[in-house]
> 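Please see the structure below; I have some questions.
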Amino acid sequence: MAQTSLNDAVAIVTGGSVGYGYGIARVLRDRGARVWITARRPERLQAAADELGVQAVAADVTVPADWDRVVQAVMADAGRVDVLVNNAGAGINIAPLVELSDEEIANCLATNLTGAIYGCRRVAPLLQARGSGTIINISSIGAERPSPPEATYAASKNGLNALTRAFAQEYAPTVRVNCIMPGAF
């Protein structure tokens, strides 16, 4: 299968310092994209960016002002955004719902769902104004096939799936919005 060249496309990958995000950033870079990765831990983020040869912006997806900084930094340097990968996510504390604290529930929902909403809200209008672009939300097979004790995690990822479907309809055909649902990692 031929690989698609991204010829200097500008991509933002949240949660890009480890795991799926790191791998996604590497593939985008290898295919010619200019990549910015974000994560909450500046030291780990910068180490990953140096290894990958990409740009880094320390940011927490649950903080709207951090999203504003990320988009501003990318726009100031590259002048555009072509691809957003909402990858940042967390299981927080996988435990029965009744054993989770309100804070753990709020953190899970904020990281897995609200953060992606903030990113879509900021990037989609830029893509639409350019006449093209792609948003990819990284969900989980657990959204469709939850297993105990993952009620909060499954709910947050199922919300991300619903966001993806709704947003894809709102911004079609200019902006492609898709969801990937990997299995256990």
> Are any side-chain N or O atoms of Thr14 and backbone N or O atoms of Ala88, one a donor and one an acceptor, separated by less than 3.5 Å?
yes
> Between Val54 and Tyr20, is there a shared hydrophobic cluster once you connect ILVMFWY residues whose side-chain heavy atoms come closer than 4.5 Å?
yes
> Using a 4.5 Å cut-off on heavy atoms from C-beta on, say whether the side chain of Cys120 contacts that of Ile135.
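They are in contact (side-chain heavy atoms under 4.5 Å apart), so the answer is yes.
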> In terms of hydrophobic clustering (I, L, V, M, F, W, Y; side-chain heavy atoms under 4.5 Å; direct or indirect links), are Met181 and Phe167 co-clustered?
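Cluster IDs for Met181 and Phe167 differ.
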> Please determine whether residues Val13 and Ile138 belong to a single hydrophobic cluster, defined as Ile, Leu, Val, Met, Phe, Trp and Tyr linked transitively by side-chain heavy-atom distances below 4.5 Å.
yes
> Do Leu52 and Val35 come within less than 4.5 Å of each other through their side chains, counting heavy atoms only?
no
> Could you pull out the closest heavy-atom pair between Val175 and Ala124, with the gap in Å?
CG2-O, 4.2 Å
> Using 4.0 Å as the upper bound for N to carboxylate O, is an ion pair formed by Arg40 and Asp66?
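No, Asp66 and Arg40 are not salt-bridged.
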> Nearest 0.5 Å, what's the CD1-CG distance between Ile37 and Leu28?
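The CG atom of Leu28 is 11.5 Å from CD1 of Ile37, to the nearest 0.5 Å.
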> Has Asp102 got more than 12 heavy atoms of other residues, nucleotides or ligands less than 6.0 Å from its CG?
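Not buried by this count: 12 neighbours or fewer within 6.0 Å.
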> For the NZ atom of Lys157 and the CG atom of Leu113, what is their distance to the nearest 0.5 Å?
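Reported to 0.5 Å precision, the distance equals 9.5 Å.
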> A side-chain contact here means heavy atoms from C-beta on lying under 4.5 Å apart; do Glu104 and Thr152 qualify?
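Not touching, per the 4.5 Å side-chain cut-off.
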> With rounding to the nearest 0.5 angstrom, report the CG to OG1 distance, Leu45 to Thr38.
7.0 Å
> So with a 6.0 Å cut-off around CZ of Arg121, is the heavy-atom count from everything else above 12?
no
> Spell out, as yes or no, whether a donor-acceptor pair under 3.5 Å connects the side chain of Asp8 to the backbone of Ala33.
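Not at all, since once roles are kept as given, no pair shorter than 3.5 Å links the two residues.
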> Same cluster for Val177 and Leu127 if Ile/Leu/Val/Met/Phe/Trp/Tyr side chains link at under 4.5 Å?
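Yes; Leu127 is reachable from Val177 via cluster members.
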> How many angstroms lie between CD1 in Ile24 and CD1 in Ile180, if you round to the nearest 0.5 Å?
6.0 Å
> Indicate yes or no: at least one non-hydrogen side-chain atom of Asn112 is less than 4.5 angstrom from one of Leu160.
no
> What's the shortest heavy-atom distance between Ser140 and Tyr153, and which atoms?
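It is CB-OH, 3.4 Å.
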> At what distance, to the nearest 0.5 angstrom, does CG of Leu6 lie from OG1 of Thr134?
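Here the interatomic distance stands at 9.0 Å.
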> Can you tell me how far apart OG (Ser156) and CD1 (Ile105) are? Round to the nearest 0.5 Å.
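It is 11.5 Å, given to the nearest 0.5 Å.
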> For Tyr22 and Ser17, work out which heavy atoms get closest and say how close.
CD1-O, 3.7 Å
> Would you tell me whether Thr62 and Asp60 have side-chain atoms, one donor and one acceptor, within less than 3.5 Å of each other?
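Side-chain D/A pair, Thr62 to Asp60: present.
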> Measure across Ala143 and Ser139 and return the closest heavy-atom pair with its distance rounded to 0.1 Å.
CB-OG, 3.8 Å
> For Ile141 versus Gly183, what's the shortest heavy-atom pair and its separation?
CG2-CA, 3.6 Å
> Using modelled atom types and a 3.5 Å cut-off, is there a donor and acceptor pairing between side-chain atoms of Arg69 and backbone atoms of Ala58?
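Present.
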> Indicate whether the side chain of Gln55 and that of Asp77 have a donor and an acceptor atom separated by less than 3.5 Å.
no
> Would you say Ile136 and Val27 are hydrophobically clustered, going by side-chain heavy atoms of ILVMFWY under 4.5 Å?
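The answer is no; the residues belong to distinct hydrophobic clusters.
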> Taking Arg122 for the side chain and Tyr118 for the main chain, is one N or O donor matched with an acceptor at less than 3.5 Å?
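Yes, because the side chain of Arg122 sits within donor-acceptor range (under 3.5 Å) of the backbone of Tyr118.
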> Check whether any side-chain N or O of Asp82 sits under 3.5 Å from a backbone N or O of Val10 as a donor-acceptor pair, and report yes or no.
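Yes: the side chain of Asp82 pairs with the backbone of Val10.
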> Does atom CD of Glu51 have more than 12 heavy-atom neighbours from other groups under 6.0 Å away?
yes
